[in-house]
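Reviewing the structure listed below.
Positions are given from 1 along the sequence.
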Amino acid sequence: MPRTIRMFVRAVDAMNRFVGRCAMYLIFVMMAVLLYSSVSKTFFNPSIWTLEVAQFLMVAYFLLGGAYSMQLDGHVRMDLLYSKWSPRTKAMVDAVTVLLLIFYLSWLLYGGISSTQYALQYNETSYSAWSPRMAPIKIVMCIGVAMMLLQALSTLCRDIAEARGAPLE
């Protein structure tokens, strides 16, 4: 594979590894928010912001960690025939499925950018009593999908190299 592709794969993998490892800790922040919510509902006046903040943190956790999970090959896979195939056959099948994933993620990113532009233009807020602005979480969602798209391209490069018989790294 050309040097530029190797550099692209390394850069994307490093970025997603860093962001994914940082995103892992959002689960603890979400747990703290939910604990505060429980305590405030039991002993004090209930807070109106805790449920939505927990939801936003969970969205960030899943979307910012998705690319890292893909990098670690941690997503669920039907393994009826896959485990019996040679590494080269697996790489060819994976390349086809990653192409479908890239198509899907491209459309998802297009829709996410459109929704984010709307949220920014019209100061969209949630339909709750707290009514937070929606633009920040939509921006995080677009970043997460873009990172997943980059990781899918990186995975495609790895699969093509593996199918050609010259695996990267």
Side-chain angles (χ1 to χ4, degrees), residues 1-31 33-34 52-121 124 134-169:
M1 282 291 199
R3 186 172 187 266
T4 54
I5 291 177
R6 289 179 188 271
M7 287 175 37
F8 169 76
V9 168
R10 283 191 197 113
V12 168
D13 286 354
M15 176 190 65
N16 285 329
R17 184 172 28 261
F18 175 76
V19 173
R21 287 182 178 169
C22 291
M24 284 190 312
Y25 296 104
L26 288 175
I27 197 78
F28 297 114
V29 177
M30 186 190 70
M31 289 169 51
V33 167
L34 290 173
E52 274 180 301
V53 167
Q55 289 171 343
F56 292 164
L57 286 167
M58 185 56 86
V59 166
Y61 173 75
F62 277 120
L63 288 175
L64 295 177
Y68 183 54
S69 180
M70 183 179 188
Q71 182 182 33
L72 296 177
D73 203 23
H75 290 285
V76 176
R77 173 180 297 157
M78 283 294 291
D79 194 10
L80 298 173
L81 304 171
Y82 191 83
S83 63
K84 295 177 177 70
W85 293 341
S86 70
R88 194 165 183 209
T89 304
K90 287 179 185 179
M92 287 189 280
V93 172
D94 286 348
V96 172
T97 58
V98 167
L99 283 171
L100 295 171
L101 177 65
I102 289 169
F103 176 75
Y104 171 74
L105 289 172
S106 298
W107 276 106
L108 191 63
L109 184 59
Y110 174 76
I113 289 171
S114 173
S115 181
T116 302
Q117 287 173 336
Y118 177 87
L120 289 167
Q121 184 177 0
E124 180 184 12
M134 296 303 292
I137 193 61
K138 289 186 177 189
I139 291 169
V140 169
M141 290 168 63
C142 286
I143 291 169
V145 171
M147 289 172 46
M148 186 77 167
L149 185 58
L150 289 172
Q151 188 61 48
L153 289 169
S154 172
T155 301
L156 179 64
C157 292
R158 285 181 187 277
D159 290 338
I160 290 171
E162 180 77 32
R164 293 175 66 196
L168 295 177
E169 297 172 318

Separation of Ile160 CD1 from Ile5 CD1 (nearest 0.5 Å) = 7.5 Å
Could you tell me which residues satisfy ring pair (Phe, Tyr, Trp, His ring centres under 6.0 Å) with Tyr110, sequence neighbours excluded, listed by chain and number?
-> Trp107
Is the shortest side-chain N to carboxylate O distance from Lys138 to Glu124 below 4.0 Å?
-> yes
Under 3.5 Å, sequence neighbours excluded: what are the donor-acceptor pairs made by side chains of residues 24-31?
none

Can you tell me how far the CG atom of Leu105 sits from the CE atom of Met147, to the nearest 0.5 Å?
-> 12.5 Å
Within 6.0 Å of CE in Met141, more than 12 heavy atoms from elsewhere = no
Rounded distance [0.5 Å steps], OG1 in Thr155 versus CG in Leu150 | 10.5 Å
For residues 58-71, please give each side-chain donor-acceptor pair under 3.5 Å, one per line with the distance, not counting sequence neighbours.
residue, atom, partner, partner atom, Å
Tyr68, OH, Arg21, NE, 3.1
Gln71, NE2, Asp13, O, 3.0
Gln71, NE2, Asp13, OD1, 3.4

Got a second to check how far Leu109's CG is from Ser114's OG, nearest 0.5 Å?
-> 11.0 Å
Examine distances only and state if a side-chain atom of Ser115 and a backbone atom of Gly111 form a donor-acceptor pair shorter than 3.5 Å.
-> no
Interatomic spacing from CG in Leu101 to CG in Leu108 - rounded to 0.5 Å = 10.0 Å
Atom OG in Ser106, atom CG in Leu149: separation rounded to 0.5 Å?
-> 5.0 Å
